[in-house]
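Computed from a prediction, not measured in an experiment: that's the story for all the values here. In what follows, every chain begins at residue 1, and chains take the letters A, B, ... in the order their sequences are listed.
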There are 2 protein chains.
Amino acid sequence: MTTRVITLKELAASLDLSITTVSRALAGHEQIALKTRERVAQAARQAGYVPNTAARTLVSGRSGFVGLVLPIRGPNLVDSFLGEFVTGLGEGLVSHGADLILATAALGHSELSVLRHVVESGRADGVVVTRIAETDERLAYLRERGFPFVAHGRLLDSDFDYNWLDTDGAHAFGEAFDMLYELGHRHFGLVTISEAMTFRHLRQDGLAAAIARRGDPSVRLDVVTAPRFDQQARIEAVNRMLRGPDRPTAIVALFDELALTVMEEAARAGFSMPRELSVIGFDNIAASAYAPPGLTTFDASIRQCAREIADMLLTVIAEKPGKPLTRLIRPTLVARASHGPAPQTRS
Amino acid sequence: MTTRVITLKELAASLDLSITTVSRALAGHEQIALKTRERVAQAARQAGYVPNTAARTLVSGRSGFVGLVLPIRGPNLVDSFLGEFVTGLGEGLVSHGADLILATAALGHSELSVLRHVVESGRADGVVVTRIAETDERLAYLRERGFPFVAHGRLLDSDFDYNWLDTDGAHAFGEAFDMLYELGHRHFGLVTISEAMTFRHLRQDGLAAAIARRGDPSVRLDVVTAPRFDQQARIEAVNRMLRGPDRPTAIVALFDELALTVMEEAARAGFSMPRELSVIGFDNIAASAYAPPGLTTFDASIRQCAREIADMLLTVIAEKPGKPLTRLIRPTLVARASHGPAPQTRS
DNA sequence: TGCAAAAATGCAAACGTTTTAAACTTCGGT
DNA sequence: ACCGAAGTTTAAAACGTTTGCATTTTTGCA
């Protein structure tokens with residue numbers, strides 16, 4: 001056992017050529033005779049030669065890796081986001097011969113320190129940054145370093161340019177409002193979170209903008225806020241909205257997990273959906289299709305987005321474009337059975 | 001912008017020491033004077049020195065990475081398996097200072113060829129192999145190479161030794177049978193897949209063994225088989241079992257996705273669960289909690305398993321133990337509302 | 001056949017570390 | 001003041017590539 005790995009020197013010796021020539025031949029340089037190139041390629045294939053990554057990286061300065069620092073997560077991760085995201089990244093990268101490095105933040109260490117380590121150890125040629133917070137120190141660091149990156153999500157104040165791809169939550173929430181308004185709804189509820197994430201503002205602002213655009217003074221919007229990871233507090237917040245004296249006829253949740261809580265609590269309170277209450281979410285997680293009566297939501301096609309992020313990042317790495325690359329992806333409505341016409345009888 | 005990354009040579013120059021001394025000081029060698037060690041550590045911290053991974057890997061032969069070849073997957077991945085798995089691996093690795101490399105198989109390439117590339121390019125010190133098939137060429141390759149690995153799952157014929165961690169599906173399916181038998185069920189159904197994966201046999205055999213152990217000749221087991229990724233064929237297979245003249249009172253599905261299909265089709269056929277039909281799954285995916293009436297299933301705690309796999313692999317890499325490391329994890333029953341006593345009236 | 005130009009190949013340095021073996025310092029004991 | 005030993009530090013090689021530049025070989029033409 002323990003077969004040795006063949007090296008360029010050995011391959012060269014077996015061909016009676018210099019290391020230089022073999023290296024160039026494998027790289028397909030024109031200056032090497034075609035005949036030689038073929039001979040080398042043949043021998044390399046047969047010997048199962050694979051160039052050593054470390055050596056190549058050391059001399060070329062390119063590792064062929066893209067880094068992703070895993071967002072620190074609570075004990076329960078129910079959705080498929082991360083799986084879809086890394087799958088999409090992988091698919092996008094592999095077509096260019098790149099691979100993915102996943103770095104995890106240890107308990108004591110901040111996400112930023114892990115990012116620094118990834119960048120400065122030369123492990124990666126670029127990084128992907130997810131879950132952008134309102135003031136994100138990671139982006140500030142990467143900009144200062146001049147290190148290639150693409151953000152999945154945006155900052156609010158774009159006074160500094162960077163590459164990003166984001167789902168157009170503002171548009172989706174506007175679309176949700178318009179659809180519900182056409183269905184006769186006038187009293188709306190928004191269930192949101194208190195975390196300092198930009199997507200929260202973008203979606204809420206999109207909803208508010210759509211309301212303003214409609215210009216109907218009879219439209220009302222109630223907002224409740226819950227902490228991100230406290231399920232008990234979420235339930236209480238939802239019930240504050242549901243059990244009040246004058247509850248909305250349509251509730252929009254910042255994301256599906258919240259919407260599912262709304263549906264559970266609404267069912268517990270005996271409201272029939274969508275007859276008495278419409279609910280709309282965002283993300284289209286798997287459970288949304290199964291939770292009765294089937295949650296109407298928006299699909300952001302994470303996997304496809306991740307693939308595009310990979311493409312963008314590889315472009316940034318290879319070409320260092322002057323203008324930043326940006327993409328705004330419009331999510332698609334997944335109409336299920338949790339929304340419908342506003343109830344006729346209004347007290 | 002574009003701050004340069006500091007190198008060992010520069011750090012040594014700034015301290016007026018040789019590269020050797022600084023390297024050793026940072027590594028904490030006793031032979032370097034304590035005073036010097038502290039001085040170096042201080043300067044390194046202040047300068048933000050991070051050793052270059054490629055250089056270190058090249059000379060030491062250790063990359064500090066563990067590889068995972070992403071299983072090729074269809075367009076729709078609904079579960080959170082991959083996300084939990086990489087999160088768990090990351091958590092397990094980071095405590096030992098290691099990180100994860102995710103390699104994706106490009107469209108034309110086999111998973112094996114990607115694995116070969118990861119191994120022979122020296123990118124990783126060890127690999128994790130998931131989704132073990134009946135005759136798995138990856139395991140054969142890794143054994144031949146003598147390369148450190150841990151398999152998530154087992155081969156059927158253990159005539160060759162290797163390191164693995166697996167969930168005890170056989171035990172779970174036996175437990176499911178016993179529970180259902182005690183509830184009065186005698187006519188069982190098993191919905192399985194036609195793919196050549198070992199977990200399929202292990203679970204089915206566990207069920208069969210429990211039946212045999214009980215020794216009750218009145219127990220009956222019907223089995224239907226569907227291809228893994230064809231939802232339409234799945235539905236047909238499930239209906240073959242459900243709509244037959246004499247359907248089982250309890251159906252066990254190989255995994256939750258199949259169980260959810262059973263529940264959907266049963267609901268469509270008008271059967272009430274668990275009154276007329278009991279259903280049990282395996283995996284405890286998120287949707288199982290939401291699909292009415294709530295699927296009873298087994299939780300394999302993927303994240304925790306992945307963390308242990310990481311630990312095992314790092315042990316294998318560091319210590320090359322003579323005996324293979326193996327762990328069999330017993331899944332825990334998650335009792336929801338899809339199982340209950342057998343219906344009284346039997347035609 | 002000779003010679004320049006073109007084509008093909010090779011030498012050697014470089015990338016940033018770790019490590020072996022050697023050299024230099026310091027110091028107590030005589 | 002000298003010696004050896006212990007305590008420190010360093011020079012240089014090595015890891016496996018890529019690449020600028022030099023060298024060798026081939027080719028075409030006189």
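- Between A/Arg123 and B/Asp99 there is a salt bridge, since a side-chain N of the basic residue sits under 4.0 Å from a carboxylate O of the acidic one.
- Going from atom CG of B/Leu58 over to atom P of D/dT17 covers 9 Å, rounded to whole Å.
- Scored by the side chain to side chain donor-acceptor pair (under 3.5 Å) test, A/Thr21 finds A/Ser18 as partners (sequence neighbours excluded).
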Sequence neighbours excluded and cut-off under 3.5 Å, please list the side-chain donor-acceptor pairs for residues 308-319 of chain B, or say none.
residue, atom, partner, partner atom, Å
B/Glu308, OE1, B/Arg327, NE, 2.8
B/Glu308, OE1, B/Arg327, NH2, 2.8
B/Glu308, OE2, B/Arg327, NH2, 3.2
B/Asp311, OD1, B/His96, NE2, 3.4
B/Thr315, OG1, B/Asp311, O, 2.9

Inset, instruction - Take nucleotides 18-26 of chain D nucleotide by nucleotide from the 5' end and write B, S or -, depending on whether a protein heavy atom sits under 4.0 Å from the base, only from the sugar-phosphate, or from neither. - result: BBBB-----
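- Following rounding to the nearest Å, B/Leu26 (CG) and C/dG16 (C1') show an atom-to-atom distance of 13 Å.
- With DNA chain D read from its 5' end, the first of the two nearest nucleotides for B/Ala33 and A/Val50 is the one closest to B/Ala33.
- Across the protein-nucleic acid pair, B/Arg37 atom CZ and D/dT9 atom P stand 10 Å apart, rounded to whole Å.
- Under a cutoff of 6.0 Å and an axis angle of 45°, A/Arg143 and A/Tyr162 do not form a cation-pi pair.
- Side-chain N/O atoms of A/Thr7 include none lying less than 4.0 angstrom from OP1 or OP2 on D/dC15.
- Annotation: side chain to side chain donor-acceptor pair (under 3.5 Å) contacts of B/Glu111 (sequence neighbours excluded): B/Arg138.
- A straight line from CZ of B/Arg62 to P of C/dT19 spans 11 Å, rounded to a whole angstrom.
- The CG atom of A/Leu11 sits 9 Å away from the P atom of D/dT17 (whole-angstrom rounding).
- To the nearest angstrom, C1' of C/dA6 lies 15 Å from CD of A/Glu30.
- C/dT18 atom C1' lies 15 Å from atom NZ of B/Lys9, rounded to whole Å.
- Residue A/Thr57 is classed as having no contact, given no heavy-atom separation below 4.0 Å to the nucleic acid.
- Judged as a side chain to side chain donor-acceptor pair (under 3.5 Å), and not counting sequence neighbours, the contacts of A/Arg116 are A/Glu120.
- Atom pair A/Glu120:CD and C/dT17:P shows a separation of 12 Å (rounding to whole Å applied).
- Listed by chain and residue number, B/Arg131, B/Arg228 satisfy the salt bridge (Lys or Arg N to Asp or Glu O under 4.0 Å) test with B/Glu195 (two or more places apart in sequence, or in another chain).
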